[in-house]
Undergrad: 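Would you mind keeping the following structure in view while I ask a few things?
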There are 4 protein chains.
Amino acid sequence: MAKTLGLRKNPLKDEREQAFKQAALKLFSTKGYHKTTMAEVALEAGFGKGTLYWYWKSKEELYFALVEESHNEFVDLVRRAAEMEGTALEKLAWLGKETVELHYRERDYTKLSWKMRAEELETFSPEYVERMHENNAEIKRELQRIIEQGIEEGTLPPADPYYLACMLLGLVEGMEIQWLEDPEAFDLRKAMEMVLSLGAKVAGQRWSD
Amino acid sequence: MAKTLGLRKNPLKDEREQAFKQAALKLFSTKGYHKTTMAEVALEAGFGKGTLYWYWKSKEELYFALVEESHNEFVDLVRRAAEMEGTALEKLAWLGKETVELHYRERDYTKLSWKMRAEELETFSPEYVERMHENNAEIKRELQRIIEQGIEEGTLPPADPYYLACMLLGLVEGMEIQWLEDPEAFDLRKAMEMVLSLGAKVAGQRWSD
Amino acid sequence: MAKTLGLRKNPLKDEREQAFKQAALKLFSTKGYHKTTMAEVALEAGFGKGTLYWYWKSKEELYFALVEESHNEFVDLVRRAAEMEGTALEKLAWLGKETVELHYRERDYTKLSWKMRAEELETFSPEYVERMHENNAEIKRELQRIIEQGIEEGTLPPADPYYLACMLLGLVEGMEIQWLEDPEAFDLRKAMEMVLSLGAKVAGQRWSD
Amino acid sequence: MAKTLGLRKNPLKDEREQAFKQAALKLFSTKGYHKTTMAEVALEAGFGKGTLYWYWKSKEELYFALVEESHNEFVDLVRRAAEMEGTALEKLAWLGKETVELHYRERDYTKLSWKMRAEELETFSPEYVERMHENNAEIKRELQRIIEQGIEEGTLPPADPYYLACMLLGLVEGMEIQWLEDPEAFDLRKAMEMVLSLGAKVAGQRWSD
DNA sequence: AATGAATGAGCATTCATTCAT
DNA sequence: TATGAATGAATGCTCATTCAT
């Protein structure tokens, strides 16, 4: 009996927003932030230039809305890995596989996120940069928790867990670069499997001595 | 007593070129490609804007001249590692240490090079991109040679050497990122030492089974 | 008990119109024509942006509706002064006092009107500009009638009455400017009293010689 | 024998700057600040749009450069009047005449300055607004000095000199408006003569009683 | 009748590059 | 040879106005 009238406009709005986001994602991930113009995004989305500014108040905001979405998915993954049941190695294996799947599923997001990392951060407002850094720190913290567990379990070497987290993250990110630059030659899925199987093999050895 | 002035203007010319390159390196590595203007480079170098164009025909060319210089140093390092005497592990250890030293010595170059990696390559002229890719491929090839030697020697796991090269390169590049983003918290030298020591420990095990 | 709703929507309509006008007056007089947006006016009035266009067909029209209202009040005052009983000096004294009271009562209107005077009239549609000029001319005509009376009565100098009207108007407008720019330092009421008392003192002398 | 080479470029630069200023003056005084575009100014001056920014760093700065030039001329006039030899009445007469001549000579400047007065000051950076106010205050201060002298000499009524200054300034500014709005019907020269002759007539009377 | 999402012309400003001197 | 003044294409963003709902 109660009308849902107030809600009815949202689907349309959401659709539009999605169209813009898709267009922006495509362009930003292909051409990068600087070379993508708002006019192009609007054109690609099939709307007027001004309409973009109804949804985001600036190019920067649009960009970071996408970047953050991408980051959040990964943060979420790491968090879930840290909180799941199982040994550290199991967690890492799960995380590795899920990460790869995420990247394959959302290649554009990965590219975008990646470009942002090397982007001239000086370009952006400090608030956004700050948020990015916090995100990164959070990822490392969660990773560190898993690693600390692994060291306790004796499957990971008894080294500085922060450094191990950075190195692990670095390894994965470094592989991502290779993959993004030449996806034909370097299959990220296969690479991750190799890493995990090597890791498993190595984990058996006595670290402590 | 007689001046060689009429003979060679190169000394002067080289000085200027160096001044420009230094200025450009500083600015590009600090502010990134897009946020650095030719006017700033000229100002920083202490010469006229127009003069820049006597040495490089465009901003792009100036940028890539620097990037390439940086790359060449690394390519050179990898090549020398591949050609030196010793076991694969020794070569990798040497390469790792030298790489780190290179980065510390030329932090600006590293930063520049790194920014360029994720930079909107698609937006640069294909000729430059092509050259970058070729450079990268060369690095991987040399790395692969070392790795193949290691597999033969039994100190590296008997896996696809191209993938191992990519992974190794990825690891180092990934660590570089961590270092560049927070040099206080992540000491690249220490990290490299950890990697090498872990590698050495692990290398002893029987891979083949 | 029976609602008159079906009969007249005007009460509602008028309310809205008043709300819009009030909002517009406040904003235009504070921020000026160019810096005030239709969106702000609508927001301030508490109605939708589109609704504004039901009452006025353009920003310009809204603006001039207000300006004209303000002008009309003054025209009305001058007209009443010209038509009242009494000597020219009495009329001018009454007009001077009433004008000041009007300005104090409707400071926003005065400000608005004043801004419009120097506003880039050339940029408004000719129809509006024409109307403004006609208004001004009317004011001068009425003023001139009073002045002619004064000259006949011998209390005003026997000079070109049109010029005297312009000068009188100029004096008052000039004082308005001083007042608007710094109402603390320049009290318009006090100033007008000074003018009138000086005028009275001076009026006694023999003009004709 | 010494070359004046270093100076030789200035004439050219100055020429260019003059051309821009002339174009800007014409447009600003005709169409006002908001409706004049930088592109128009450049076009009118016969140069490229970007060149404007070589001489002034913003539209605002260009505008105030002109406004200030205009103001300075008038400030200078008032200052010279205050400092010349003679009675207050002589000073005011001289000032009145010179002011009128200035306006006739530089009608565009007068228009510009005038428009600026009513312009939405909120539009401009506080530094400029501040400067304008200071200018105005200075004018009133000098005027006040002359008036104080006149009161002492008994030729001006013994009233608050600040108010008299404001009123005098108001009168002249008010007349300027009349003139600018309809120069055919209201001849500023004639009007000023009338004011001065009336003033002279009136000045003879005994103010004090 | 009322709305607010959509539009796109319009504008200030930047900057790589050119070229007269 | 070296310069810096000149250029104009390019771009992010605003806002009066329209119109589907």
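On a predicted model such as this, the values are computed, not experimentally measured, just so you know. We name chains A, B, ... by the order of the sequence lines, and we start the count at 1 in each one.
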Undergrad: How many whole angstroms separate atom CZ of B/F28 from atom C1' of E/dA16?
TA: 11 Å

Undergrad: So which nucleotide from F/dA2, E/dA6, F/dA6 ends up closest to the side chain of A/F47?
TA: E/dA6

Undergrad: Could you tell me how far apart C/M38 (CE) and F/dC15 (P) are, to the nearest whole angstrom?
TA: 13 Å

Undergrad: How long is the gap from OG on B/S70 to NZ on B/K111, to the nearest 0.5 Å?
TA: 13.5 Å

Undergrad: Please give, in whole Å, the distance from E/dT13 C1' to D/L62 CG?
TA: 14 Å

Undergrad: Looking only at non-hydrogen atoms, find the nearest pair between D/Y63 and D/K115 and report the distance.
TA: OH-C, 4.5 Å

Undergrad: Taking only Watson-Crick and G-U wobble pairs with both distances under 3.5 Å, what dot-bracket line describes DNA chain F, where [ ] shows pairs that cross earlier ones and | shows pairs with another strand?
TA: .||||||||||||||||||||

Undergrad: Could you work out which one of E/dT13, F/dG12, F/dA16 sits closest to the side chain of D/K59?
TA: E/dT13

Undergrad: For D/S58 and for B/A39, find the nucleotide of DNA chain E with the closest heavy atom, then tell me which residue's nucleotide is more 5'.
TA: D/S58

Undergrad: As an exercise, state the distance from OG of B/S113 to CG of B/D108, rounded to the nearest 0.5 Å.
TA: 12.0 Å

Undergrad: Using heavy atoms to find the nearest nucleotide of DNA chain F for B/G48 and D/G46 separately, return the residue whose nucleotide is more 5′.
TA: B/G48

Undergrad: To the nearest Å, give me how far apart CG (C/L27) and P (F/dA16) are.
TA: 12 Å

Undergrad: Let's see if you can work this out: which of E/dA1, F/dG12, F/dA16 has an atom nearest to the side-chain heavy atoms of C/T37?
TA: F/dA16

Undergrad: Return the 5'-most residue of the pair A/E60, C/E60 with respect to DNA chain F, ranking by each residue's nearest nucleotide.
TA: A/E60

Undergrad: When you compare the protein's N or O atoms with those of nucleotides 18-21 of chain E, which come within less than 3.5 Å of each other, and at what distance?
TA:
none

Undergrad: So, taking the atom named CH2 in A/W56 and the one named CG in A/L66, what distance separates them when rounded to the nearest 0.5 Å?
TA: 7.0 Å

Undergrad: Going by the rule ring pair (Phe, Tyr, Trp, His ring centres under 6.0 Å), which residues pair with C/Y128 if we only count those two or more places apart in sequence or in a different chain?
TA: C/F64

Undergrad: Of all residues at least two apart in sequence or in a different chain, which pass the side-chain contact (heavy atoms from CB on, under 4.5 Å) check with B/E106?
TA: B/E73, B/L102, B/Y109

Undergrad: If the condition is salt bridge (Lys or Arg N to Asp or Glu O under 4.0 Å), which residues does A/K59 pass it with, not counting sequence neighbours?
TA: none

Undergrad: Does the ring center of B/F47 lie less than 6.0 Å from the ring center of B/Y55?
TA: no

Undergrad: Look at all strands and tell whether B/T51 reaches a base, only sugar-phosphate, or nothing, counting heavy atoms closer than 4.0 Å.
TA: base

Undergrad: Expressed as a whole number of angstroms, how long is the span from A/H34:NE2 to E/dC15:P?
TA: 10 Å

Undergrad: Within this structure, what is the OG1-CD distance for the pair D/T51 and D/E17, rounded to the nearest 0.5 Å?
TA: 13.0 Å

Undergrad: Between P on E/dT13 and CD on D/E61, what's the gap in Å once rounded to a whole number?
TA: 10 Å

Undergrad: Rounded to whole Å, how long is the line connecting atom CG of A/L52 with atom C1' of E/dA6?
TA: 11 Å

Undergrad: Could you give the NZ-to-P distance, from D/K35 to F/dA16, as a whole number of Å?
TA: 10 Å

Undergrad: B/R16 side chain N/O closer than 4.0 Å to the phosphate oxygens (OP1, OP2) of F/dA2?
TA: yes

Undergrad: Run the side-chain contact (heavy atoms from CB on, under 4.5 Å) test against B/T36 and tell me which residues pass, sequence neighbours left out.
TA: B/L27, B/F28, B/K31, B/E40, B/V41

